[in-house]
Number of protein chains: 2
Amino acid sequence: MPTPRSTRADIAQQILDHARRLFAAHGFDGVSLADISKRVGIRKPSLLYHYGTKDTLRQAVLEQLLAHWNDVLPKLLMAATTGSEQFDAVLSKTVAFFAEDHDRARLILRELLDRPQQMQPLIELHVRPWVTIVSNYIRRGQEQGRVRFEADPQSYVAHMTVLVIGSLATFETLVALAPEHEPRELLLERHTAELLRIAKTSLFRPRPAGVASQANESPH
Amino acid sequence: MPTPRSTRADIAQQILDHARRLFAAHGFDGVSLADISKRVGIRKPSLLYHYGTKDTLRQAVLEQLLAHWNDVLPKLLMAATTGSEQFDAVLSKTVAFFAEDHDRARLILRELLDRPQQMQPLIELHVRPWVTIVSNYIRRGQEQGRVRFEADPQSYVAHMTVLVIGSLATFETLVALAPEHEPRELLLERHTAELLRIAKTSLFRPRPAGVASQANESPH
DNA sequence: GATCCTCCCTACCACTCGGTAGTCTGAGGA
DNA sequence: TCCTCAGACTACCGAGTGGTAGGGAGGATC
């Protein structure tokens, strides 16, 4: 009997969820408030009661995404400040964040395309620290000889960001290029593994010889 | 006196040009026929005289882009079938194609996001041969020991495609992450150079030693 | 029991959308 | 000179858009 059916006030969250999915799939301009409210099972004015404006809703979706990211970020950065192959941990956790829900990558990519200049402050706030710290980590690695000196730290990080987001955002589509109908789950794993390989191989110098621990894998 | 002002019938091309720019910047749903016709300097029904439907216009924009790509593709593929560092040529020409006009990358990325399943046949037609040939080239390289055996050819090519398109589509936005206000032109050059470096380094095995010709650069 | 207040509803608004109908103009060909 | 016809125009349409006005149901508070 305590709020038996729809738990009141989490309607706002339902709206947010459906809006996120639809925006990710069809873009902000490709989705009407009627579409969203229909999915939620309410009328359009009810939706506007919770989010006074379509643009308010868009921002709310984005904020929730970024809030989640901010939750994960500190752990990533802590990992980045320590040991050597922590780079692996940072990158694969970033990949995991976007792989967990491909809408995240699609949403950010769309915002990047649709509202580039409105994204600038958000990038400054949420991406800049990540880039700075990782760049510094790379530079330190270069001084210590672990990282290829030809690498351009800032540009490298930018490319990896685009690669992670882009590859996950377009994954469903590019599945079509797979050799045969590989079980999607496996394909995703193979795909992200190759992403990590590209990132690491292009960054770190090969082990000088002698002790081996991670550098080479066995020839399948 | 021979068609002095606007050369008749290239109005269609002007429409196409403005449509391309606007679609790339704001997306198909974010642009109205009124927007486009205003840019061209004609009225909406005049636009619809040339392209009967908004969707027809969209397809025309896409077709022109793909036609241009099909112009470039054969030369790329020919280059791919020969020598060793032709890989470099293929990739950098592909990059050049998208760098020449960033709208191309943005347009394709948008189509990939907005109409994934409608893009499938186009991918099959225009991307598949590219992927297949390059993949085979990579596999041959693996057999010959030039290419890292850990690399996953098909997945690698997919990632590089996404990386090229994604990095160029979002370049203007990510300029913001640059250390200071570097002259955009230089930044683009530095950025694409790093892209090529990532692509090559993560693909080819380091030179076995002895003769050197391209593998390492001087420590600036 | 009257009064809020929250939340959803119906009805409606002005506006924009893609697209159509039909007219006018001016160059080219007979 | 007359006719044709491509190519632009004005005027208009129905559907759909984001958003507003205002009412009503139901729970909590006094």
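All chains are named by letter (A, B, ...) in the order of the sequence lines, taking the proteins before the strands, and each is independently numbered beginning at 1. When reading the values below, keep in mind they use all heavy atoms of this one structure, side chains included, and skip hydrogens, waters and symmetry mates.
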For this session: Go through C:dT10, C:dC8, D:dG7 for me and flag the one nearest to the B:Tyr49 side chain.
Result: D:dG7
Exercise. Quick one: is C:dC9 close enough that its OP1 or OP2 comes under 4.0 Å of any side-chain N or O from A:Ser46?
Worked result: yes
Exercise. With a cut-off of under 6.0 Å to the ring centre and 45° to the axis, is A:Lys54 in cation-pi contact with A:Phe28?
Worked result: yes
Exercise. Quick one: is C:dT6 close enough that its OP1 or OP2 comes under 4.0 Å of any side-chain N or O from A:His50?
Worked result: no
Seminar exercise, completed: Checking C:dG19, D:dG18, D:dC9 against the side chain of B:Thr53 (C-beta onward), the nearest is C:dG19
Problem set entry | Within 45° cone of B:Phe97 ring axis and under 6.0 Å: B:Arg104 NZ or CZ | yes
Exercise. Rounded to the Å, how far apart are B:Tyr51 OH and C:dG19 P?
Worked result: 15 Å
Seminar exercise, completed: With sequence neighbours left out, the residues meeting salt bridge (Lys or Arg N to Asp or Glu O under 4.0 Å) with B:Glu111 are B:Arg58, B:Arg115
Exercise. Given atom CG of A:Leu47 and atom C1' of C:dC9, what is their separation to the nearest angstrom?
Worked result: 14 Å
Exercise. Which of these nucleotides, D:dA8, D:dG19, D:dT10, is closest to any side-chain atom of A:Lys44?
Worked result: D:dG19
For this session: Name every residue in residues 17-37 of chain A that has at least one heavy atom under 4.0 Å from any atom of DNA chain D, in order of residue number, or write none if there are no such residues.
Result: A:Val31, A:Ser32, A:Leu33
Exercise. Whole-Å distance between D:dA6 P and B:Asp10 CG?
Worked result: 18 Å
Problem set entry | Test: A:Asp35 and A:Lys44 ion pair at under 4.0 Å | no
For this session: Hey, can you tell me if A:His159 and B:His191 have their rings parallel, tilted or perpendicular (30° and 60° cut-offs)?
Result: parallel
Problem set entry | d(CZ, A:Arg43; C1', D:dT20) in whole Å | 18 Å
For this session: Looking only at side-chain atoms of A:Leu48, point me to the closest of D:dT20, C:dC9, D:dG7.
Result: D:dT20
Exercise. What does A:Ile42 touch in the nucleic acid at a heavy-atom separation under 4.0 angstrom: a base, only the sugar-phosphate, or nothing?
Worked result: sugar-phosphate
Exercise. How about B:Asp114 and A:His26: does a side-chain donor come under 3.5 Å of a side-chain acceptor?
Worked result: no
Exercise. Taking the six-membered ring of A:Phe204, is the NZ or CZ of A:Arg148 close enough (under 6.0 Å from the centre) and on axis enough (within 45°)?
Worked result: no
Seminar exercise, completed: Of C:dG19, C:dC9, C:dC8, the nucleotide closest to the side chain of A:Pro45 is C:dC9
